[in-house]
Amino acid sequence: MINITLPDNSIRQYESGATPLDIAKSISEGLARNVLSAKVNGELWDATRPIHHDALLKLLTWNDDEGKATMWHSSAHLMAEAIEYFYPGVKFGIGPHIDNGFYYDIDLGEQTISADDLPKIEEKILELARQKQSFIRKEVSKTEAISYFTNKGDEYKLELLNDLTDGQITFYESGNFVDLCRGPHIPDTSPIKAVKLLNIAGAYWRGDEKRKQMTRIYGISFPKQKELSEYLVLLEEAKKRDHRKLGKELELFTFSAKVGLGLPLWLPKGTALRERLEAFLKKDQKKAGYVQVMTPHIANKELYITSGHYAKYGKDSFQPISTPVEGEQFMLKPMNCPHHCEIYSWKPRSYKDLPVRIAEFGTVYRYEQSGELHGLTRVRGFTQDDAHIFCRPDQVKDEFIGVLNIVKHIFRALDFKEFTTQISLRDPNNREKYIGSDENWEKAESAILEVAKEQELQNVVIEYGEAAFYGPKMDFMVKDALGRKWQLGTIQVDYNLPERFELEYTGSDNQKHRPVMIHRAPFGSMERFVAVLLEHCAGKFPLWLTPEQAIVLPISEKYHDYAKKVLDLLNNYDIRAQIDERNEKTGKKIRDAELQKIPYMLIVGEKEEAENTVSVRKQSEGDQGTCSVEAFAATINDEIKKLLEE
RNA sequence: GCCGAUGUAGCUCAGCUGGCCAGAGCAGCUGAUUUGUAAUCAGCUGGUCGGGGGUUCGAAUCCCUCCAUCGGCUCCA
């Protein structure tokens with residue numbers, strides 16, 4: 001007999017060799033029907049794989065991320081089987097699950113697959129799924145495995161096998177498809193009720209651009225047709241919210257091939273919006289003791305040789321600018337840190353001066369590969385909401401708290417309700433590759449962990465080995481209205497640049513000490529942040545930020561004078577508004593204002609003029625009744641105050 | 001940079017098995033209308049069909065090439 005401990009800490013006894021599925025059945029038939037896989041002592045496990053020892057068991061269903069992952073992985077196998085059916089002789093790379101679905105990399109040889117072929121493959125997958133094929137796990141020796149794939153002529157699997165240890169190799173067989181696979185898989189294919197192959201793309205074998213490019217097919221599957229339909233609606237919604245589309249529609253920014261790839265042009269409304277964001281952050285930073293600076297867009301190449309960036313990125317950057325002076329070269333600024341280091345060392349610093357917090361909305365230029373450019377999220381010229389904090393090692397913790405407060409305030413004011421924090425620390429097994437003293441690293445890493453704990457951050461992920469060579473960091477990922485995750489702000493400790501720039505301060509002991517440098521950017525970059533914000537709010541910006549807060553809609557020309565009076569009053573109350581004086585019917589003016597996502601429409605006609613009021617319509621909500629301009633202004637200024645509250 | 005798809009008016013798109021002056025809706029302009037909570041009506045303007053080259057009696061349509069965009073890959077100080 002074996003003891004199985006369930007997540008609620010209850011312990012049940014089973015015959016040795018019981019499978020998670022058996023155990024599920026002993027609890028309830030319904031549960032057994034829904035089990036996709038399991039976790040046994042933390043290890044992912046097939047629901048049909050026997051357990052021979054006491055264990056902690058978690059049954060995984062569609063409601064668990066890992067349950068979904070199992071089904072998607074099994075769906076990938078099924079897709080491979082379907083593809084093998086239509087395209088015999090193809091070779092397979094890897095076929096894992098991803099956050100939303102799965103993919104398989106395929107070497108089609110001489111054959112080709114186009115998007116038009118996907119529906120028939122989907123059909124075949126569903127047909128195979130309905131056959132209720134079991135996934136059978138087989139432990140095989142390395143020799144057996146090699147002989148199988150040599151026979152099949154799949155050099156990719158053979159290469160994968162190379163890196164595997166004999167005795168730990170498993171095959172999974174389902175229907176006519178056998179694959180080298182760690183598993184786990186769902187018991188049989190019947191839960192796969194709906195499948196959509198989403199797109200088809202090239203992908204390098206093992207992610208190496210020097211190696212063969214394979215065909216990657218992405219797909220997703222669901223246990224219910226309805227869930228697939230909902231997912232497709234979500235994708236449509238995401239398309240509608242695409243910041244590139246909204247940016248154009250709302251007249252925020254544009255691109256011009258003549259100006260250059262990846263170089264955004266900010267239109268008047270976009271600029272005003274961005275300035276408002278900057279003002280918001282500047283205010284917070286002023287309160288938090290930052291000083292604002294400005295530095296030029298180019299700098300002598302020597303600066304980046306000192307910083308070490310030239311050696312590392314020089315050949316992949318915009319190339320140096322020559323001057324009439326022989327041998328003199330300047331570079332477009334790829335980051336602000338070296339400049340800020342020079343500002344730090346502009347005068348001698350005492351321990352009493354620290355922390356010194358130098359902030360700049362600094363525009364930087366990086367030569368991203370052409371295929372990598374994407375709207376505002378990947379560009380070649382962008383503005384970081386950058387700041388560098390120079391402090392003593394014992395101040396790192398407080399500085400992290402200070403930055404964190406700004407980050408939280410931003411997320412609150414912009415209605416990002418959920419965010420995750422990723423803490424990247426050293427690889428504990430390989431400490432030599434990091435610069436800086438062990439003592440300082442210890443101090444900084446524990447400070448970061450303490451901050452996360454004391455500030456009661458939710459959703460903290462700690463990644464060992466993810467730190468940069470020059471310091472540990474903390475990144476923030478927001479979840480947008482559609483549940484998608486975006487990386488935004490970052491706080492990063494740096495032991496490298498202070499060393500390279502020989503930064504110092506005089507301590508209370510009258511000795512020279514090296515300060516710790518902290519890079520931080522709560523928005524990340526203005527471009528990327530505006531993009532994420534646009535997709536998050538679908539263009540309906542928070543009232544304090546939106547380009548136009550209200551529009552006055554006179555019923556006819558007769559009321560233009562009154563409309564102007566209303567506008568003047570609104571201006572007095574610092575409300576951004578304009579008048580739609582076009583010779584159009586009210587319905588048309590409302591429609592256009594709705595499409596422009598202007599939060600408030602103020603309709604004025606005979607009645608309003610007589611009573612000195614406005615008729616208020618709220619965007620996407622409709623008629624709100626009539627009130628005086630003063631009352632309206634007071635309401636929306638209150639609303640803004642609430643949004644910006646700390 | 002690599003693989004694949006796409007590129008027609010300011011925008012969204014039709015035409016593309018080669019053949020009448022290249023079409024529609026929206027936007028713009030002109031006029032009529034003076035309008036009450038998501039599109040008033042009429043007329044007009046606007047395109048070297050992404051650029052270049054080729055095949056052909058004839059090319060938006062077929063071929064080559066370059067550029068750009070999109071989906072991925074690689075990269076991301």
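Being a predicted model, the structure only gives us computed values, none of them experimental.
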Where do A:L497 and A:C337 come nearest, in terms of heavy atoms and distance?
CD1-CB, 3.6 Å

Mind checking who B:C20 pairs with, Watson-Crick or G-U wobble, both distances under 3.5 Å?
none

For B:U48, give the paired nucleotide (Watson-Crick: N1-N3 plus N6-O4 or O6-N4; G-U: N1-O2 and O6-N3; both under 3.5 Å), or none.
none

Among the nucleotides B:A38, B:C75, B:A68, whichever has the atom closest to the side chain of A:E368 is B:C75

How far does the C1' atom of B:C11 sit from the matching atom of B:G52, given to the nearest Å?
27 Å

Euclidean distance, atom CD of residue A:Q213 to atom P of B:C2 [Å, nearest integer]:
10 Å

Per A:E584 side chain, nearest of listed nucleotides B:C70, B:U40, B:G36:
B:U40

Whole-Å gap separating P (B:A38) and NZ (A:K597)
16 Å

Once you round it to whole Å, what is the distance between P of B:C76 and CG of A:L373?
15 Å

Give none if B:G43 has no partner; otherwise give the nucleotide forming a Watson-Crick or G-U wobble pair with it, both distances under 3.5 Å.
B:C29

Across every strand shown, the nucleotide meeting Watson-Crick or G-U wobble geometry with B:U55 (both distances under 3.5 Å) is none

Reckon A:H519 touches a base, only the sugar-phosphate, or nothing at all at heavy-atom distances under 4.0 Å?
nothing

Quantified in whole Å, what is the C1' atom distance between nucleotide B:U65 and nucleotide B:G7?
16 Å

Would you say A:K248 places a side-chain N or O within less than 4.0 Å of OP1 or OP2 belonging to B:U12?
yes

Please determine, for the side chain of A:K607, which listed nucleotide (B:C3, B:A38, B:G36) has the closest atom?
B:G36

Kindly point out which of B:U40, B:C76, B:C75 is positioned nearest to the side chain of A:Q369?
B:C75

Could you tell me how far B:U56 sits from B:C63 if I compare only their P atoms? Round to whole Å.
16 Å

Separation of the P atoms in B:A59 and B:C49, to the nearest angstrom:
12 Å

Determine the Euclidean distance between corresponding C1' atoms of B:C13 and B:G1; express it in Å to zero decimal places.
33 Å

To the nearest Å, give me how far apart CD1 (A:I113) and C1' (B:A5) are.
15 Å

Mind checking if A:G605 touches a base, just sugar-phosphate, or nothing, with heavy atoms under 4.0 Å?
base

When all nucleic acid strands are considered with a 4.0 Å heavy-atom cut-off, which category describes A:R582: base, sugar-phosphate, or nothing?
nothing

Here's one to test your reading of the geometry: is the NZ or CZ of A:K301 within 45 degrees of the ring axis of A:Y310 and under 6.0 Å from its centre?
yes

Output yes when a side-chain donor or acceptor of A:E527 lies under 3.5 Å from a complementary backbone atom of A:L376, and no otherwise.
no

Pick base, sugar-phosphate or nothing for A:R216, based on heavy-atom distances below 4.0 Å to the nucleic acid.
sugar-phosphate

With a 3.5 angstrom cut-off on both distances, give the Watson-Crick or G-U wobble partner of B:U61, or none if there isn't one.
none

Is the NZ or CZ atom of A:R216 both under 6.0 Å from the centre of the six-membered ring of A:Y103 and within 45° of that ring's axis?
yes

In whole Å, what is the span from the CD atom of A:E611 to the P atom of B:G36?
18 Å

Presence of A:R617 side-chain N/O under 4.0 Å of B:A38 phosphate oxygens OP1/OP2
yes

Would you tell me if any nitrogen or oxygen in the side chain of A:K588 comes within less than 4.0 Å of OP1 or OP2 on B:A27?
yes

In whole Å, I'd like the distance from the CZ atom of A:R378 to the C1' atom of B:C70.
17 Å

Expressed as a whole number of Å, how far does the P atom of B:G54 sit from that of B:U45?
34 Å

Picking from B:G36, B:C70, B:A77, which would you name as closest to the side chain of A:M335?
B:A77

Cation-pi between A:R528 and A:F523: NZ/CZ under 6.0 Å from ring centre and within 45° of the ring axis?
no

With a non-hydrogen cut-off below 4.0 angstrom, is A:K312 in contact with a base, only sugar-phosphate, or nothing?
nothing

What's the CZ-C1' distance between A:R366 and B:G1, to the nearest Å?
19 Å

Against A:E581, only a single residue in A:K558, A:K589, A:K564 fulfils salt bridge (charged side-chain N to carboxylate O under 4.0 Å, His left out); can you say which?
A:K564

In whole angstrom, give me the gap between the C1' atoms of B:C3 and B:A9.
33 Å

Is any side-chain nitrogen or oxygen of A:H374 closer than 4.0 Å to OP1 or OP2 of B:U69?
no

Between A:I636 and A:Y600, is there a side-chain heavy-atom distance shorter than 4.5 Å?
yes

Measure from the side chain of A:I603, starting at C-beta and using heavy atoms only, and say which of B:A38, B:U37, B:C75 lies closest.
B:U37

As a test of reading the structure: which of B:A39, B:G1, B:G36 is closest to the side chain of A:S370, going by heavy atoms?
B:G1

With both distances under 3.5 angstrom, what nucleotide forms a Watson-Crick or G-U wobble pair with B:A68?
B:U6

Electrostatic pair A:D179-A:K157, nearest N-O below 4.0 angstrom:
yes

Among A:I590, A:D623, A:V552, whose side chain to side chain contact (heavy atoms under 4.5 Å, CB included) with A:M601 holds?
A:I590

Would you tell me if any nitrogen or oxygen in the side chain of A:Y218 comes within less than 4.0 Å of OP1 or OP2 on B:C73?
yes

Could you tell me whether A:N199 contacts a base, only the sugar-phosphate backbone, or nothing, with contacts defined as non-hydrogen atoms closer than 4.0 Å?
sugar-phosphate

Measuring only the C1' atom in each nucleotide, how far is B:U12 from B:A39? A whole number of Å is fine.
16 Å

Taking the nucleotide of RNA chain B with the closest heavy atom to each, which residue, A:Q619 or A:E209, is nearer the 5' end?
A:Q619

Any base atoms under 4.0 Å from A:G622, or only sugar-phosphate, or nothing? Heavy atoms, all strands.
nothing

Under 4.0 Å between any heavy atoms, over every strand shown, what does A:E249 touch: base, sugar-phosphate, or nothing? Just pick one.
nothing

May I ask you to verify whether the side chain of A:Y204 and the base of B:G1 hold a donor-acceptor pair under 3.5 Å?
yes

Per atom distances to the A:E594 side chain, the nearest of B:C70, B:A38, B:U34 is B:A38

Counting any heavy atom closer than 4.0 Å, what does A:A201 reach on the DNA or RNA strands: base, sugar-phosphate only, or nothing?
base

Contact class for A:L553 vs. all strands (heavy atom < 4.0 Å): base, sugar-phosphate, or nothing?
nothing

Starting at atom OH of A:Y103, determine the distance to atom C1' of B:C3, rounded to an integer number of angstrom.
15 Å

Side chain to side chain contact (heavy atoms under 4.5 Å, CB included) partner of A:Q422, chosen from A:M474, A:E463, A:K473
A:E463

Checking base pairs now: Watson-Crick or wobble, both atom distances under 3.5 Å. What partners B:A38?
none

